[in-house]
Amino acid sequence: MGKKLLLQNDKIPGIDTYEVYRQHGGYSSVEKAFKMTSDEVVEEVKKSGLRGRGGAGFPTGMKWSFLAKPEGVPRYLVCNADESEPGTFKDRYLMQRHPHLLIEGMIAASYALGANTAYIYIRGEYFYIVNILEKAIEEAYTAGWLGDNIQGSGYSLNMYVHPGAGAYICGEETALLESLEGKRGNPRIKPPFPAVKGLYACPTVVNNVETIAAVVPILNMGGDEYAKIGIGKSTGTKLISASGHIKKPGVYEIELGLPVEEFIYSEEYCGGILNDKKLKAVVPGGSSVPILPAELSLKTPTGEPRLMSYESLSEVALLAVVCWDQAALL
Amino acid sequence: MSEVKFNDETLAVVHNLMRRYPEGRHKSALLPILHLAQAEFGGWLSPATMDYVASILNIKPVEVYEVASFYSMYNLNPVGKCMLEVCRTSSCWLRGADDVIRHIEKRLEIKVGETTADGMFSLKAVECLGSCGTAPMMQVGKDFHENLTLEKVDELLTQFTNEDKHSRYCDANTYRKN
């Protein structure tokens, strides 16, 4: 079994409620963060080697350290829950089953960034998850993890959910910010980058759902320990959305570096191709990535096993695996 | 249609939503308020509805029109009570979305983009809704109906016909009373 850092409590009934989540160690990363300075939290994330889980793979700690900090200007954390790349559904799964994991990660991340307001921008098609998040946020306020002077730390944070309304482009962070400001989701010209002028022209970090959730295990175990998991510069674990002509579609947490072949054929993951047909092709990201024919899906051009990492599948977003069997028309 | 005006309960929610954003940035609440307006006023955004939303936010009507016309979830023309949104993107297509769409077209005697003569159903083909692991699927209001078979589609259509309700993405209870 591969290591699980996000979905280890996936089978526990009621893990979506505050009470059960807290009983299983929930919110301990925030307690840990409050014993550190905000810069120390950023440092842990840098050490972890965490890279953006929205597809681009940019180092998260570095993105955080770019945040401008002018005196008297508010900063924002915005969670990108717009998950609209065809074939991806791992953020939906995470938010639906583990809403408090996202909220916990957002509190720790907001503390690290010195943000006192955080928004979760979620695609409008996921309206039923808006209900789930609203309920979980309410629970977090009631338990004193949100609002003024959180757990007596002196740190205050308000968190809100904001639904989109159907626009693929709003997954791009500057378009998302336009949309959050109540405008058409047209991307902005960069620079300035959101870290300098983001939401309401204030310094802003936009991070994917899973990226923010990963901050929780990173703080709990320490950045150095997290960095030992995975392969090379692809550290940690990753949620993969698996769909198409496979026996067991779903969301799986893998250690980065797992061979693609093992992911597709092992019983622990996809369980092989539907009806035991021959694999024809794999879409190793969303629909925006190249389609890899079977031979290049499992092996690299030099014959090495293809690994699930940012390097081995470079230039493709490592979000999803959509398998096509031999019968599918391409 | 009755007068375009939120009831007191929904209006309180609307004002709560506006307070989620900093002073002077309440236009941010436009998208969630348009969703509420569409849900309350017949499933689409008429010019009168959009003008009303503009008046609440104290912005120009054109600022509402330009936003409403950008996003695919806002209907700018009347639709059926029940909007069937069938995903047709890759994973759903691989698992039989075409059959689902053809089946609905045949049963309701409409094409994608049309509404039944009795005003009960509209059929829309949409892009990926993040339900690829449970394909094929369709969204009706905020509900996802997954792992569809043609039998299951038939059952759902019968159920919706009997319920005779508007499909909605949200209502006044969607949001926390902050």
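In what follows, chains are A, B, ... by sequence order, proteins preceding strands, each numbered from 1.
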Verdict with supporting geometry, B:Arg95 and A:Ser243, side-chain contact (heavy atoms from CB on, under 4.5 Å): CA-CA 9 Å; B:Arg95 304 289 293 231; A:Ser243 69; over 6 Å; no

For chain A, the option from [options] that forms the most heavy-atom pairs under 4.5 Å:
| options | answer |
| --- | --- |
| B:Ala68, B:Ala135, B:Cys128 | B:Cys128 |
| B:Gln139, B:His26, B:Glu85 | B:Gln139 |
| B:Leu30, B:Leu129, B:Val67, B:Val126 | B:Leu129 |

Stepwise side-chain contact (heavy atoms from CB on, under 4.5 Å) check, B:Cys170 with A:Val130: CA-CA 9 Å; B:Cys170 61; A:Val130 175; over 6 Å; no

Contact class of B:Phe144 relative to chain A, heavy atoms under 4.5 angstrom: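 Contact with chain A involves the side chain of B:Phe144 alone.
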
Which atoms of B:Glu66 approach chain A - backbone, side chain, both or neither, heavy atom under 4.5 Å: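 Both backbone and side chain.
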
Residue [X] versus chain B: region with a heavy atom under 4.5 Å:
| X | value |
| --- | --- |
| A:Glu83 | neither |
| A:Ile129 | neither |
| A:Tyr141 | side chain |
| A:Arg92 | side chain |

Distance-only donor-acceptor check, side chains B:Ser72 and A:Tyr168, under 3.5 Å: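 Checked: B:Ser72/A:Tyr168 side chains show no N/O donor-acceptor pair below 3.5 Å.
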
Donor-acceptor pair between A:Thr117 and B:Tyr21 side chains, under 3.5 angstrom: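 No, no side-chain donor-acceptor pair sits under 3.5 Å.
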
B:Glu127/A:Arg123 salt bridge by N-O under 4.0 Å criterion: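 Not counted as a salt bridge, because no side-chain N and carboxylate O are separated by less than 4.0 Å.
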
Sidechain N-carboxylate O distance under 4.0 Å for A:Glu178, B:Lys27: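 Between B:Lys27 and A:Glu178 there is no salt bridge, as every charged N stays at least 4.0 Å from the carboxylate O atoms.
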
Below 4.5 Å, heavy atoms only, C-beta onward: do [X] and [Y] meet side chain to side chain?
| X | Y | result |
| --- | --- | --- |
| A:Tyr160 | B:Ser28 | no |
| A:His162 | B:Pro32 | yes |
| B:Trp93 | A:Pro86 | no |

Minimum heavy-atom distance B:Gly130-A:Phe89, with the two atoms named: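 Between these two residues, the closest heavy atoms are O-CB, 3.0 Å.
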
Working for side-chain contact (heavy atoms from CB on, under 4.5 Å), residues A:Ile169 and B:Phe70: CA-CA 11 Å; A:Ile169 189 61; B:Phe70 183 83; 3.9 Å; yes

Geometric class of the B:Tyr169/A:Phe127 ring pair [parallel <30°, tilted 30-60°, perpendicular >60°]: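 Rings of A:Phe127 and B:Tyr169: parallel, under 30°.
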
Is the backbone of [Y] close enough, under 3.5 Å, to the side chain of [X] for a donor and an acceptor to pair up by distance?
| X | Y | value |
| --- | --- | --- |
| B:Tyr74 | A:Gly166 | no |
| B:Ser91 | A:Gly87 | no |
| B:Arg176 | A:Ile137 | no |

Determine whether more than 12 heavy atoms belonging to other residues, nucleotides or ligands lie under 6.0 Å from atom [atom1] of [X].
| X | atom1 | value |
| --- | --- | --- |
| B:Asp8 | CG | no |
| B:Lys177 | NZ | yes |
| A:Asn149 | CG | yes |
| A:Lys197 | NZ | no |
| B:Gln159 | CD | yes |

Closest-packed option against chain B by number of heavy-atom pairs under 4.5 Å, given [options]:
| options | result |
| --- | --- |
| A:Gly124, A:Pro74, A:Pro163 | A:Pro163 |
| A:Gly250, A:Ser179, A:Ser84 | A:Ser179 |
| A:Gly185, A:Gly164, A:Ala165, A:Gly182 | A:Ala165 |

Point-to-point distance, once rounded to the nearest 0.5 Å, from NZ of A:Lys135 to OG1 of B:Thr174: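 If we round to the nearest 0.5 Å, A:Lys135:NZ and B:Thr174:OG1 are 14.5 Å apart.
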
Euclidean distance, A:Tyr200 OH relative to B:Arg25 CZ, rounded to 0.5 Å: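 Reported value, rounded in 0.5 Å steps: 7.0 Å.
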
